[in-house]
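Only one structure is covered here, and it is reproduced in the block below.
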Amino acid sequence: MRLAYVLCGTALVATGFSSCEKVEAAKKDPEMMKVYGETQAELTAPPMVPRPVGKRAATKLVVDMEVVEKEMEMSDGVSYVYWTFGGTVPGSFIRTRVGDEIEFHLKNHPDSKLPHNIDLHAVTGPGGGAKSSFVAPGHEVVFNFKTINPGLYVYHCATAPVGMHIANGMYGLILVEPEGGLPPVDKEYYIMQGDFYTKGENGERGLQAFDMTKAINEDADYVVFNGKVGALTGENAITAKVGETVRLFVGNGGPNLVSSFHVIGEIFDKVHVEGGDMINKNVQTTLIPAGGAAMVEFRVDVPGELVLVDHSIFRAFNKGALGVLQVEGPDNEVVFAGKTSEGTYNPTGVAATEPAEAVGEAQVSDKSLAEKLERGKTVYTQSCLACHQATGTGIPNAFPPLAGSDYLNADPHRAIEVVKFGLTGEIEVNGEVYNSAMPKQNISDEDIASVLTYIYNNWGNNKTEVTTEMVKSKK
């Protein structure tokens, strides 16, 4: 109410004939909303977002954005030439409010190979601005629009072939806050899913090129948050404290796949469905279409690692759509007490299931170290990645890390036995206790030697070379 009086008073001074009724009418019709002054937009790289702007008056907002084509990491040992807005995937987060007049400067870096443009779903106008923003390398264009609908919107490149430009990382989010802004929360983060199509298969090392045939067939090699495998894990995990409220601005650049967004160990208190006004409550998983977005809000009540996934679950554990929200603070045993007891269970007459015998194998000479590393990478991708992740980080509270593992580095012979014969029960890895089951792996002795050599020679481990004879000696 106070803001309305301020706006009224400012309008009266500025025009001499405006009225509070006119200001109130402008709130209902943002096209009529007067703007005050000029402001440079704060743009942020993911997963961060700019400060809230909804409580300020509508203004002329100047947005400066640069298109950059650059090689970056897709996964461990895998790189890709991304086409980006602002040098990141997704592109810079843009935060506006209803009634702003946007002066958008789109610059295409002189080193770019191709022209680009931008289609903002928040724009009412031809091509969402795409027709007005086509820009060649080494040039800049300026176009203007007014934000008249609140919501969370995708933007992307719409230069032909449109799918290829999006598939190479050209997408981001623009938030149009309502009059008065969004309700305050303690933490806000920016997450965007995308599917990528490479000439090499998932995990194949080196610089990878875009594969149009796979893209047309919707056969994604990687499905990731924020442009790469592990963008939101380890040191890059997002954080919160027990008792804080968290808002995630979640987009889906596609170009093809729908996201089933879920946070393991949390329930969304509120979901702004498809980024609009409709709010759903107490939601477990929310669908985000390609080219769509959602705002999810929840309070974190217990400490631990909350895992963000696309619940089309093989995308999370095999293709990269996985992140972590690290929550710190005191336990709350009323909400979650953890394991309270454990005992044996053996129904009468039921025998334990034994793992299948390993497939037969021919006698072979040991590979060279380079050959083992190459073969080991393939075996790891096929047999180990789902549980232990592309960079060996494991799954919190479920599967132990292989990266920098004191358990592995202490005894390679024990590691061989684990892979060859399986393991159940508690083990301690890097100070954490894990109690899960690893089944006997139905792979040859030669492949066991290769995959363990690969693991020992990556992620800060001690570079042990495991031989086939070492594996064969374990009976």
Side-chain angles (χ1 to χ4, degrees), residues 1-43 49-65 92-106 117-133 141-156 158 172-184 188 247 249 251 270 272-279 291-295:
M1 196 62 186
R2 183 179 178 184
L3 179 61
Y5 289 134
V6 171
L7 289 173
C8 288
T10 307
L12 283 166
V13 171
T15 65
F17 56 84
S18 296
S19 66
C20 286
E21 287 76 16
K22 188 171 182 179
V23 172
E24 291 300 319
K27 290 181 182 179
K28 298 177 182 178
D29 183 2
E31 289 182 60
M32 298 172 56
M33 195 172 289
K34 184 176 176 60
V35 300
Y36 299 91
E38 180 176 311
T39 304
Q40 189 74 28
E42 177 190 4
L43 304 182
V49 299
R51 292 164 293 183
V53 298
K55 290 186 177 180
R56 64 162 168 76
T59 189
K60 179 180 178 181
L61 189 68
V62 180
V63 177
D64 281 304
M65 185 171 284
S92 303
F93 194 98
I94 308 168
R95 194 162 194 162
T96 75
R97 58 146 287 163
V98 166
D100 279 349
E101 289 183 3
I102 310 298
E103 180 180 291
F104 203 107
H105 295 246
L106 186 65
N117 64 9
I118 190 167
D119 169 1
L120 301 109
H121 291 186
V123 169
T124 302
K131 289 188 176 182
S132 303
S133 60
V141 295
V142 181
F143 65 102
N144 294 70
F145 63 93
K146 194 173 183 71
T147 51
I148 60 176
N149 296 93
L152 182 64
Y153 299 96
V154 168
Y155 67 79
H156 61 84
L173 291 179
I174 175 171
L175 172 66
V176 182
E177 292 192 42
E179 178 79 22
L182 297 170
E188 293 182 323
R247 177 181 292 130
F249 299 103
K270 295 180 182 178
H272 290 252
V273 179
E274 297 182 2
D277 289 342
M278 186 170 71
I279 295 177
M295 289 181 278

Checklist entry - Judged by atom type as modelled, is there a donor-acceptor pair below 3.5 Å linking the side chain of T59 to the main-chain atoms of V35? => result no
Checklist outcome for this item: Applying side-chain contact (heavy atoms from CB on, under 4.5 Å) to P183 and not counting sequence neighbours gives R247
Item to check | V141: partners by side-chain contact (heavy atoms from CB on, under 4.5 Å), with sequence neighbours left out | outcome: L106, S133, V135
Checklist entry - Does the side chain of L175 come within less than 4.5 Å of F93's, by heavy atoms? => result yes
Checklist entry - Looking at CZ of F249 and CG of L152, how far apart are the two atoms once the value is rounded to the nearest 0.5 Å? => result 6.5 Å
Checklist entry - Can you name the nearest heavy-atom pair linking G129 to V123, along with the distance? => result N-CG1, 4.0 Å
Checklist entry - Roughly how far, to the nearest 0.5 Å, is CG of L61 from CZ of F104? => result 10.0 Å
Next on the checklist: Among residues at least two apart in sequence or on other chains, which ones pass side chain to side chain donor-acceptor pair (under 3.5 Å) with K131?
Outcome noted: none
Next on the checklist: Walk me through whether L120 and I94 qualify under side chain to side chain contact (heavy atoms under 4.5 Å, CB included).
Outcome noted: CA-CA 11 Å; L120 301 109; I94 308 168; 4.3 Å; yes
Item to check | Residues that E274 engages under side chain to side chain donor-acceptor pair (under 3.5 Å), provided they are two or more places apart | outcome: none
Next on the checklist: Tell me every residue that passes side-chain contact (heavy atoms from CB on, under 4.5 Å) with E103, counting only those two or more places apart in sequence or in another chain.
Outcome noted: K60, V62, H105, V142, N144
Next on the checklist: Using a 3.5 Å distance criterion without hydrogens, assess whether the side chain of D29 forms a donor-acceptor pair with backbone atoms of E31.
Outcome noted: yes
Checklist outcome for this item: Closest non-hydrogen contact found for D277 with P150 is OD1-CG, 4.3 Å
Checklist entry - Is V98 close to I148 at the side-chain level, that is, under 4.5 Å between some pair of heavy atoms? => result no
Item to check | Distance in Å, R95 CZ paired with R97 CZ, rounded so as to fall on 0.5 Å steps | outcome: 13.0 Å
Checklist entry - Tell me, which pairs form a side chain to side chain donor-acceptor pair (under 3.5 Å) where one or both residues lie in residues 146-156, sequence neighbours left out? => result D119-H156, H121-H156
Next on the checklist: Evaluate I118 against M65 for side chain to side chain contact (heavy atoms under 4.5 Å, CB included), listing each step before the verdict.
Outcome noted: CA-CA 10 Å; I118 190 167; M65 185 171 284; 4.2 Å; yes
Next on the checklist: What's the separation between atom CD in E38 and atom CD in E101, rounded to the nearest 0.5 Å?
Outcome noted: 10.5 Å
